[in-house]
Amino acid sequence: MADLDKLINLDGAVAAFNFSSKGELQESRISADSEMTDAILDLVAHVCVANTSIATMQARGWENVTGSGGFYPVKGFSLIGFDWTVIANEEAGVIMPNDNTDYEAAYAALEA
Amino acid sequence: MSVISDLVATPGVIAAGEYTYRGDRFTYDGQLDYETARMASIMCRATTMAVHMETDMLKHLKADCGCAPARGWVVRGDKMTVCVMANVFCFIDNANGSLNDIMAYLREHVESSETMLV
Amino acid sequence: MIKQIMILDGVMAVAHFRDDGELVEGYGMGGQEEQANLAHFAHNYKRLVQGNADQLSMFTGIRGWTPPGGWVVRGARYTVCSVGNVVCLFDGSEGHLNEVMQELRGASQW
């Protein structure tokens, strides 16, 4: 399980959260000046699980049809919203402002 | 230089392209054959439609806090990553490309798509 | 014309929407605003399912996925289902999905 304290301490991180394989929020860290709530994070977690499933279907189909690898297993899904970005793997995610998103640091922390 | 040619000239980028939201046309450049690029454009368009739907719903469910309208998405694979901003897609070799640099470029050069979606 | 779907057991709302998601005609629930929300949701869901069907068609190499006929989301109590540009919300403890889908298929061809 990802270390939420490490994720929330990434530069600019607004929230960090763990979720079940069904997308239900299990644990969270929310920065003091953020508007995020656990109810919002629960919905965002469901979005991450849904898209990771779809991406996995696409990776499997793509690899079957093209014969090329590289996408499976899917390591993460990110949604770039209007103001913020959520970066997630299959069990945890972190939300960062668009103008201060460090994907590589986020993936490194998620995969640690 | 266009956005696509800029992207293709970026280290680690395998291919880049753009699709119409209607799904009737696409263009691309890079190391994919035509049929593979066509499939990539179909997949990217489908996921773009999905994330737009999801962020619209989050907004509607009062869980917005800055997510809607969606600007793009990223799927990180084992060795490759696909990233999309509006209707521009880009395939990256994880070992040789910088996702941070490519996303910063896309955010700066590709406009939000909300008004163009049909 | 879709009004007659309201007489089926358990049906709480029905809406007909344009290809851009705008409500054409709606009945039931709280009123026009909620019907418009249902129409908007159904429009988005239709696009999502269309995208999934396109990909299943592409990846499986067999015919029959597209164009998608409709979709159903079955909740613990309520079910939302749609065929074409008509969507219906009903209470699963009172209504029957087969019956509703049959009526929706008919209504989508009007």
Side-chain angles (χ1 to χ4, degrees), chain A residues 14-15 30 34-48 50-59 61-63 65-89 95 97-107 110-111, chain B residues 14 31-33 35-37 39-40 42-44 46-48 50-55 57-86 91-95 97-104 106-108 110 112 114:
Chain A
V14 171
I30 298 172
S34 164
E35 294 173 83
M36 293 292 166
T37 64
D38 277 355
I40 293 174
L41 295 178
D42 180 75
L43 294 177
V44 171
H46 280 85
V47 167
C48 292
N51 282 288
T52 301
S53 282
I54 292 291
T56 301
M57 177 277 285
Q58 292 172 322
W62 171 270
E63 294 187 1
V65 171
T66 65
S68 67
F71 280 113
Y72 185 85
V74 171
K75 298 281 192 179
F77 172 79
S78 299
L79 166 66
I80 298 99
F82 194 69
D83 293 330
W84 52 252
T85 295
V86 56
I87 301 166
N89 64 9
I95 298 179
N98 281 353
D99 56 4
N100 194 18
T101 304
D102 187 337
Y103 293 90
E104 283 140 22
Y107 282 125
L110 285 166
E111 290 164 13
Chain B
I14 297 163
Q31 302 160 52
L32 291 179
D33 62 44
E35 186 55 25
T36 307
M39 286 197 295
I42 290 171
M43 290 195 295
C44 291
T47 301
T48 297
V51 298
H52 270 274
M53 182 197 78
E54 290 153 4
T55 54
M57 284 185 181
L58 286 176
K59 187 174 182 177
H60 190 71
L61 296 168
K62 315 295 182 206
D64 174 17
C65 288
C67 71
R71 293 203 63 195
W73 52 270
V74 177
V75 168
R76 187 170 179 83
D78 197 25
K79 297 188 178 67
M80 291 201 288
T81 293
V82 57
C83 52
V84 169
M85 193 70 83
F91 278 57
I92 306 164
D93 176 351
N94 291 349
S98 164
L99 183 59
N100 279 352
D101 291 350
I102 291 163
M103 290 305 291
L106 286 170
R107 216 169 39 239
E108 192 175 332
V110 179
S112 182
E114 181 66 6

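The model shown is predicted, which means the values in this text are computed figures rather than measured ones. Computation of the quantities below employed the complete heavy-atom set of this structure, encompassing side-chain atoms and omitting hydrogens, waters and symmetry-equivalent molecules. Proteins get letters first, then strands, A, B, ... in listed order; numbering begins at 1 in each.
- With rounding to the nearest 0.5 Å, the separation of CG in L32(B) from OG in S68(A) is 8.5 Å.
- Interface residue D102(A): backbone and side-chain heavy atoms are both found under 4.5 Å from chain B.
- Heavy-atom contacts from other residues, nucleotides or ligands closer than 6.0 Å to CD of E35(A) number 12 or fewer.
- Between the OG1 atom in T101(A) and the CE atom in M103(B) there is a gap of 8.0 Å [rounded to 0.5 Å].
- Distance CE/M43(B) to CZ/F71(A): 7.0 Å, rounded to 0.5 Å.
- In this structure the side chain of W84(A) reaches within 4.5 angstrom of the side chain of C67(B), judged on heavy atoms.
- Only the side chain of E111(A) comes within contact range of chain B, judged by heavy atoms closer than 4.5 Å.
- Seen from the ring of Y107(A), R76(B) counts as a face-on cation partner, given the 6.0 Å and 45° thresholds.
- Ranked by heavy-atom pairs under 4.5 Å with chain B, the first of T37(A), I54(A), V74(A), V44(A) is V74(A).
- Looking at A40(B), both its backbone and its side chain come within 4.5 Å of chain A, counting heavy atoms on both sides.
- Chain B forms the most heavy-atom pairs under 4.5 Å with one residue out of V14(A), L43(A), L41(A), and that residue is L43(A).
- Between the side chain of N100(B) and the backbone N or O of Y103(A), at least one donor-acceptor pair lies under 3.5 Å.
- For N98(A) against R107(B), the heavy-atom pair with the smallest separation is O-CZ, 2.8 Å.
- Between the CG atom of N94(B) and the NZ atom of K75(A) there is a distance of 10.0 Å, given to the nearest 0.5 Å.
- Looking at T81(B), the atoms closer than 4.5 Å to chain A (heavy atoms on both sides) all sit in the backbone: N, CA, C or O.
- In terms of heavy-atom pairs under 4.5 Å with chain A, the best-connected choice from E35(B), M57(B), K79(B), M85(B) is K79(B).
- Separating the CD atom in E104(A) from the CG atom in D101(B) is a distance of 7.0 Å, to the nearest 0.5 Å.
- When ring centroids are compared, W62(A) and F91(B) come within the 6.0 Å threshold.
- Interatomic distance, L79(A) CG to T47(B) OG1, rounded to the nearest 0.5 Å: 11.5 Å.
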